[in-house]
Amino acid sequence: MDPRQGPRHVLPARAVDRDRARPGQPAGALRGRRGAAPGRQHPRPAPRRPDGPGVHHLVHDPAPRRRRADRHAGRRRTARARQHRRGVDRGPRHPVEPGGAAMSVRVRVAPSPTGDPHVGTAYMSLFNLAFARQQGGQFVLRVEDTDRARFQADSEQQVYDTLSWLGLDWDEGPDKGGPYAPYRQSERLDTYKPHVDRLLAEGHAYLCWCTSARLTEMREDQQKRKLPTGYDRLCVGKTAEQRAELPGYQETPVVRMLVPEDPPLHFVDLIRGEVAAPHPDDQVILKADGFPTYHLAVVVDDHLMGITHVVRGEEWISSTPKHLLLFDWLGWERPAFAHMPLLRNVDKSKISKRKNPAARLTWFAEQGYLPEALLNFLGLLGYSVPGGEEVFDFARMSETFDWSRVNTVGPVFDLDKLAWLNGHYVRELSAADFVERSLPFLQRSGLVSPMPTEAELALVNAMVPAVQTRVALLSELPELVRFLFVPEADFEVEEAAAAKALTEANGPVLTAAADALEGVVEWTAPAVQAAVDGALLEGGLGLKRNKAYLPLRAAVCGRAIAPPLDESIALLGRERSLRRLRAAAAACGSDVR
RNA sequence: GCCCCCGUCGUCUAGCGGCCUAGGACGCCGCCCUCUCACGGCGGUAGCGGCGGUUCGAAUCCGCUCGGGGGUACCA
């Protein structure tokens with residue numbers, strides 16, 4: 001792919017209008033790959049953007065072909081993409097100087113600290129970052145803590161921790177600062193205030209004194225009568241005194257948007273092409289507690305922070321018209337929008353912590369998933385890199401990133417595939433890395449001391465080749481190697497393994513093996529195997545290897561599934577191996593010398 | 001209820017009107033390797049939701065239908 005196509009992405013959605021204004025462009029060339037044109041149900045007046053003051057400087061096209069003109073048409077528009085580059089080098093656009101033609105890409109992720117960090121946050125961050133890095137732009141982390149009821153203090157730090165763990169680093173944020181600080185909405189209350197006042201003064205917003213009880217009642221009634229729900233505007237045009245005489249009144253008002261008859265309902269989405277969204281309700285933008293709602297805060301902050309591309313979940317499509325209205329009213333340039341598909345539970349519902357442990361970002365590290373595996377996996381959801389390969393890293397994704405490769409279908413979060421990918425990355429780890437990443441799991445399960453001893457470390461290092469291909473998740477490691485670390489007094493053969501392997505007939509096998517091992521001089525895997533084989537296979541008891549090893553494995557490892565026998569015995573050491581073999585032989589009822 | 005978005009193997013995806021007898025990956029099944037379990041190798045299983053239309057030709061374009069999802073908050 002020609003990297004020079006890149007700048008195409010820099011353009012806001014509106015860019016397509018430029019295409020269309022260009023004469024002699026065949027309509028077909030503008031068609032996107034998915035045909036776009038999500039069916040509009042009703043004939044409407046040609047969708048338009050309402051001209052906010054000084055917003056759209058581009059030629060308006062009255063042409064009927066509107067829905068075609070979307071879809072950032074595929075990867076084949078090299079020539080045109082290049083033409084679009086004119087002016088991109090004029091330096092970064094300053095947010096308080098809207099209308100600058102040139103702008104460097106600025107994207108953001110905006111988690112709200114309401115509990116454990118959500119996978120969706122990582123998913124959105126990944127795509128935002130991949131795009132930002134490709135474009136040489138910035139990635140901003142903004143904390144949207146306007147919901148005081150659901151706020152959780154430790155949540156913010158966890159967001160930092162998990163995103164850092166994944167290597168998704170932000171350029172600006174509450175912890176790092178930046179030119180547009182503060183990055184915490186609760187610290188920006190003064191910033192929102194003037195804009196609310198202005199909307200009020202210009203008649204785009206009004207005060208509303210209705211109690212939530214009245215609103216609920218109203219909504220229920222509307223539903224009962226099969227009407228679209230929405231605020232009935234009881235408060236419009238009234239003073240507090242006038243309104244107070246009517247029922248359902250509360251003293252502290254909220255501020256609502258006065259949505260016009262024909263708000264902008266269509267916008268071009270980088271992923272979906274032109275989309276139609278629902279007619280908005282008179283949305284509350286300032287709550288009674290003085291905090292802005294999300295809708296006001298995003299618009300104000302995205303504009304002030306110079307955000308050029310709003311990349312967020314599909315769940316926001318239906319509120320985008322509210323945002324468009326706000327941008328227009330405030331006279332601000334609209335950013336480009338990209339609505340990502342929603343991650344799903346197995347039952348296809350939006351991924352949730354309740355139905356899916358994987359919705360909690362902290363879960364992955366606990367389970368022994370590697371960050372590189374999770375990141376790769378997230379990049380596989382709703383997306384594919386040009387070559388179609390399954391295994392790729394962030395750099396690869398970022399270099400080749402293209403909005404047209406993002407799917408519109410919400411992917412199910414498939415843990416099986418993640419586990420496979422994780423196993424792949426586990427196997428690729430160097431021995432030293434494998435040890436480093438494994439240690440916490442061994443320590444947590446009590447097999448290795450918090451401050452590992454020399455001997456413990458030596459054993460851990462030595463066991464690597466025997467176990468690295470045998471775990472998909474690091475959390476599987478402790479049970480596999482427990483027999484190597486457990487204090488001798490605590491060692492036991494699992495019941496199922498004992499029942500099957502430590503039979504009376506196998507007593508002599510164990511004794512013969514122990515006897516042979518006594519004579520081993522150099523305690524290595526090959527020497528161990530030679531001794532055991534000599535005693536039990538053809539030259540000795542004449543057993544088949546699988547028969548012969550079964551009791552030995554149970555005796556030494558305590559279970560039916562373990563690393564290869566020779567390596568297990570070599571790692572365990574002479575003393576412990578012999579003791580366990582003799583003890584097992586005794587348990588089989590054979591002679592103990 | 002109302003509104004919007006979406007529909008290719010069980011799952012993640014490729015597909016941009018002929019290259020499709022629909023490709024890859026995970027999973028699953030079988031075989032090989034093999035001391036168990038893995039890893040690795042080889043092979044197999046399974047899909048364009050349905051119906052119409054446009055076209056010489058449709059997984060690809062259009063319509064309807066069915067299905068799934070999301071929104072409908074002084075949550076984000």
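Everything numeric here is computed off the predicted structure, so don't read it as measured data. Lettering of chains follows the sequences in order, A, B, ..., and the numbering in each one begins at 1.
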**Study point:** B:C61 to B:A14 separation - P atoms, rounded to the nearest Å
**Key:** 14 Å
**Study point:** Span that lies between the C1' atom of B:C6 and that of B:C48, in whole angstrom
**Key:** 15 Å
Review point. How are the rings of A:Trp316 and A:His323 set to each other: parallel, tilted or perpendicular (split at 30° and 60°)?
Key: tilted
Review point. Between B:A73 atom C1' and A:Gln250 atom CD, what is the distance in whole Å?
Key: 14 Å
Review point. Think A:Arg545 has a side-chain N or O under 4.0 angstrom from the OP1 or OP2 of B:U34?
Key: no
Exercise for review: Output the residues of residues 464-480 of chain A in contact with RNA chain B, where contact means a heavy atom of the residue under 4.0 Å from an atom of the strand; sort by number or write none.
Suggested key: A:Thr469, A:Arg470
Revision key, fill the gap. When rounded to whole Å, the CG to C1' distance for the pair A:Asp301 and B:A76 reads 14 Å
Point to revise | Atom C1', compared across B:G50 and B:G68: separation rounded to whole Å | key: 15 Å
Point to revise | Candidates B:G1, B:G7, B:U36 - which lies nearest the side chain of A:Lys226 | key: B:G1
Review point. With A:Met340, which residues qualify under side chain to side chain contact (heavy atoms under 4.5 Å, CB included), at least two apart?
Key: A:Tyr123, A:Met124, A:Phe127, A:Ile271, A:Val311, A:Trp403, A:Val406
Review point. Does a side-chain N or O from A:Thr408 land closer than 4.0 Å to OP1 or OP2 of B:G7, or not?
Key: yes
Review point. Which base sits across from B:G1 as a Watson-Crick or G-U pair, both distances under 3.5 Å?
Key: B:U72
Check your understanding: Does A:Asn407 put a side-chain nitrogen or oxygen below 4.0 Å from OP1 or OP2 of B:A14?
Key -> yes
Review point. Would a distance-only check, ignoring hydrogens and angles, find a side-chain to backbone donor-acceptor pair under 3.5 Å from A:Arg272 to A:Leu270?
Key: no
Review point. Ion pair present between A:Arg142 and A:Asp302, side-chain N to carboxylate O less than 4.0 angstrom?
Key: yes
Review point. Using the P atom in both, what is the distance from B:G52 to B:G30, to the nearest Å?
Key: 41 Å
**Study point:** B:G57 and B:G18, which share atom name C1', separated by this distance in whole Å
**Key:** 7 Å
Point to revise | Separation between the P atoms of B:G44 and B:G23, rounded to whole Å | key: 11 Å
Exercise for review: Take atom P in B:C26 and the same atom in B:U34, then report the distance between them in whole Å.
Suggested key: 24 Å
Point to revise | Ring centers of A:His339, A:Phe267 separated by less than 6.0 Å | key: yes
**Study point:** With sequence neighbours excluded, residues passing side-chain hydrogen bond (donor to acceptor under 3.5 Å, both in side chains) with A:Asp281
**Key:** none
Revision key, fill the gap. Paired to B:A22 by Watson-Crick or G-U wobble criteria (both distances under 3.5 Å) is none
Review point. If you check the A:Arg150 side chain, which of B:C75, B:G70, B:C5 turns out closest?
Key: B:C75
Check your understanding: Between A:Tyr231 and A:Tyr206, how do the two ring planes meet: parallel, tilted or perpendicular, split at 30° and 60°?
Key -> parallel
**Study point:** A:Ser155 (side chain) donor-acceptor with A:Asp116 (main chain) under 3.5 angstrom
**Key:** no
Exercise for review: Kindly state whether the ring of A:Phe377 and the ring of A:Tyr369 have centres lying under 6.0 angstrom apart.
Suggested key: no
Check your understanding: Does any nucleotide pair with B:C66 by Watson-Crick or G-U wobble geometry, both distances under 3.5 Å, and what is it?
Key -> B:G7
Might you list the N or O atoms of the protein lying below 3.5 Å from N or O atoms in nucleotides 20-30 of chain B, with each pair's distance?
from: B:G24; atom 1: N2; to: A:Glu390; atom 2: OE2; distance (Å): 3.1
from: B:A25; atom 1: O4'; to: A:Glu390; atom 2: OE2; distance (Å): 3.2
from: B:A25; atom 1: N3; to: A:Lys417; atom 2: NZ; distance (Å): 3.1
from: B:C26; atom 1: O2'; to: A:Lys417; atom 2: N; distance (Å): 3.3

Check your understanding: When you check the phosphate oxygens OP1 and OP2 of B:U72, does a side-chain N or O of A:Lys322 lie under 4.0 Å from one of them?
Key -> no
Check your understanding: Under a 4.0 Å N-O cut-off, is there an ion pair linking A:Arg150 with A:Asp147?
Key -> yes
**Study point:** Spacing of A:Leu342 atom CG relative to B:G7 atom C1', expressed in whole Å
**Key:** 16 Å
Could you run down the sub-3.5 Å N/O contacts of the protein with nucleotides 65-68 of chain B?
none

Point to revise | B:G69 to B:U11 separation - P atoms, rounded to the nearest Å | key: 13 Å
Study note, to complete from the structure: Using Watson-Crick geometry (N1-N3 plus N6-O4 or O6-N4) or G-U wobble (N1-O2, O6-N3), each under 3.5 Å, B:G40 is paired with B:C32
Review point. With no hydrogens and no angle check, do the side chains of A:Arg405 and A:Ser384 hold a donor and an acceptor under 3.5 Å apart?
Key: yes
Check your understanding: Under 4.0 Å between a Lys/Arg side-chain N and an Asp/Glu carboxylate O for A:Glu156 and A:Arg184?
Key -> yes
Point to revise | B:A58 pairs with, by Watson-Crick or G-U criteria that keep both distances under 3.5 Å | key: none
Could you go through residues 539-549 of chain A and list every donor-acceptor pair under 3.5 Å that involves a side-chain atom there, pairing it with any protein atom two or more places apart or in another chain?
from: A:Arg545; atom 1: NE; to: A:Tyr549; atom 2: OH; distance (Å): 3.3
from: A:Arg545; atom 1: NH2; to: A:Asp533; atom 2: OD2; distance (Å): 2.5
from: A:Tyr549; atom 1: OH; to: A:Gln529; atom 2: NE2; distance (Å): 3.3
from: A:Tyr549; atom 1: OH; to: A:Asp533; atom 2: OD1; distance (Å): 2.6

Practice item. Return no unless some side-chain N or O of A:Arg427 is found under 4.0 Å from OP1 or OP2 of B:G40. Key: yes
Practice item. Send over the distance from A:Asp566 CG to B:C37 C1', rounded to a whole Å. Key: 14 Å
Exercise for review: Would you please confirm or rule out a distance under 4.0 Å between OP1 or OP2 of B:C74 and any side-chain N or O of A:Thr293?
Suggested key: no
